[in-house]
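Shown next, in structure tokens, is the structure this report addresses.
What you see is a predicted model; the values in this text were computed from it and never measured. Side-chain atoms are counted along with the backbone in the values below, which use heavy atoms only and exclude waters and symmetry mates. Per chain, numbering begins at 1; letters A, B, ... match sequence-line order.
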There are 2 protein chains.
Amino acid sequence: MTKYSPGNHLLPAAAALQSSLDGCPGRGAARPAPDPPRGCPIRDMLDHLGSRWTVLVVIALSRRTRRFSELRREIPDISQRMLTRTLRDLERLGLVERALHAAVPPRVDYRLSPMGMSLLPPLLGIIDWAARNGGAMHGARQRYDAGAGPG
Amino acid sequence: MTKYSPGNHLLPAAAALQSSLDGCPGRGAARPAPDPPRGCPIRDMLDHLGSRWTVLVVIALSRRTRRFSELRREIPDISQRMLTRTLRDLERLGLVERALHAAVPPRVDYRLSPMGMSLLPPLLGIIDWAARNGGAMHGARQRYDAGAGPG
DNA sequence: CCGTATCCCCTAGGATACTG
DNA sequence: CAGTATCCTAGGGGATACGG
């Protein structure tokens with residue numbers, strides 16, 4: 001029962017975002033079609049973040065333009081299929097721009113669009129948090145699993 | 001081919017996070033066991049964000065303590081099962097604290113831990129970004145789908 | 001080099017029914 | 001009220017092979 005003050009200075013913001021979600025839920029039919037969004041930009045974005053590779057790819061593109069093969073090397077455990085899909089998806093959303101240089105052998109460059117770049121700072125925030133709290137979370141999990149579970 | 005400068009002021013940060021991922025990939029066996037983390041806090045965190053409900057639950061808890069049933073009402077399209085699982089998971093990670101008040105009928109309160117609260121600001125960053133760029137992404141997607149796709 | 005096409009597995013997550 | 005326990009399905013994602 002550590003007594004702590006809830007950091008009231010950030011609660012207004014939290015309140016704002018809370019209400020921004022209010023219209024969202026999408027009553028009942030959670031995912032009518034696989035792709036078409038339900039109209040809640042936040043949930044849609046979150047779904048994309050869920051794609052396991054999106055964030056990694058965005059980060060890999062954060063510093064400069066990369067070729068397809070470079071990306072494969074930077075993210076060793078991504079399959080060729082998923083790299084293509086992820087890039088297409090990001091391109092579709094306007095976050096990544098694709099430049100095909102007709103040549104032999106073919107060469108394709110990917111880079112973040114301005115909008116894609118604007119995603120970096122917030123993303124950075126999360127990643128920074130993860131880096132700082134990863135240890136604590138790991139410890140908590142171990143204690144939880146060692147102990148009784150809930151409790 | 002909009003010519004734009006890559007916003008160099010944020011690139012150092014991006015570089016830092018890039019290198020912080022360098023050790024991560026987890027050669028070959030992407031997910032040996034379902035649960036145990038691979039040692040990369042960033043990827044682990046990302047995996048949790050992928051859980052489709054985690055973020056929503058954290059947000060629902062952002063302002064104050066909530067009871068189980070309150071959460072169900074706030075997130076109408078979550079199943080009872082998934083709400084329980086998500087909460088357990090968050091508790092396990094030390095992001096949520098669970099208080100069981102023995103009474104009839106039973107009453108269980110959930111609240112963010114200090115660490116959980118510290119996640120709010122970065123989360124807010126992403127959500128804010130999504131709210132601002134959702135429209136643009138939607139438009140981009142429509143154009144992409146209408147047009148030829150890639151190319 | 002940069003993809004697309006197939007096949008297949010696995011598991012996040014929904015629906016439903018039952019307990020303390 | 002606050003959960004477990006079962007059952008089941010859709011689709012994310014890996015492996016492999018082929019095409020421009």
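For the pair B:Ser51 and C:dA12, the criterion of a side-chain N or O lying under 4.0 Å from OP1 or OP2 is not met. The phosphate of D:dC1 has neither OP1 nor OP2 within less than 4.0 Å of any side-chain N or O from B:Tyr110. Of the side-chain N and O atoms in B:Arg67, one or more sit less than 4.0 angstrom from OP1 or OP2 of D:dA2. Put simply, B:Arg52 has no side-chain N or O that comes within less than 4.0 Å of OP1 or OP2 on D:dA10.
Nucleotide C:dC2 holds its P atom 10 Å from the CZ atom of A:Arg98, rounded to whole Å. Per the geometry, CZ belonging to A:Phe68 stands 7 Å off P belonging to C:dC2, to the nearest Å. Residue A:Glu70 contributes atom CD, which lies 9 Å from atom P of C:dC2 at whole-angstrom precision. Protein atom CG of B:Leu83 is 17 Å distant from nucleotide atom P of C:dA12, rounded to whole Å. Distance A:Met82 CE to D:dG11 C1': 11 Å, rounded to the nearest Å. As rounded to whole Å, 11 Å separates atom P of C:dA12 from atom NE2 of B:His48. With rounding to whole Å, B:Ile78 atom CD1 is found 9 Å from C:dG13 atom P. Computed from coordinates, the A:His101 NE2 to C:dG3 P distance equals 11 Å when rounded to whole Å.
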Show your working on salt bridge (charged side-chain N to carboxylate O under 4.0 Å, His left out) between A:Arg98 and A:Asp109 and close with a plain yes or no. CA-CA 6 Å; A:Arg98 178 169 172 274; A:Asp109 287 331; over 6 Å; no

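Between B:His48 and the options B:Thr86, B:Thr54, B:Asp89, a side-chain hydrogen bond (donor to acceptor under 3.5 Å, both in side chains) holds for only B:Asp89.
Over its length, the helix from C:dC1-D:dG20 to C:dG20-D:dC1 turns its helix axis by 50°, as judged from the five terminal pairs at each end, rounded to 10°.
Shown here is A:Arg88, whose CZ atom has more than 12 heavy atoms of other residues, nucleotides or ligands within 6.0 Å.
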Enumerate all atom pairs, one protein N or O and one N or O from nucleotides 4-9 of chain C, separated by less than 3.5 Å.
from: C:dT4; atom 1: OP1; to: A:Arg88; atom 2: NH2; distance (Å): 3.4

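Listed nucleotides C:dC1, C:dG13, D:dA2 differ in distance to A:Pro106; the shortest reach to its side chain belongs to C:dC1.
Not one N or O on the side chain of A:Trp129 forms a donor-acceptor pair closer than 3.5 Å with the backbone of B:Pro122.
Among residues two or more places apart in sequence or in another chain, the side chain to side chain donor-acceptor pair (under 3.5 Å) test is passed with A:Arg72 by A:Gln80.
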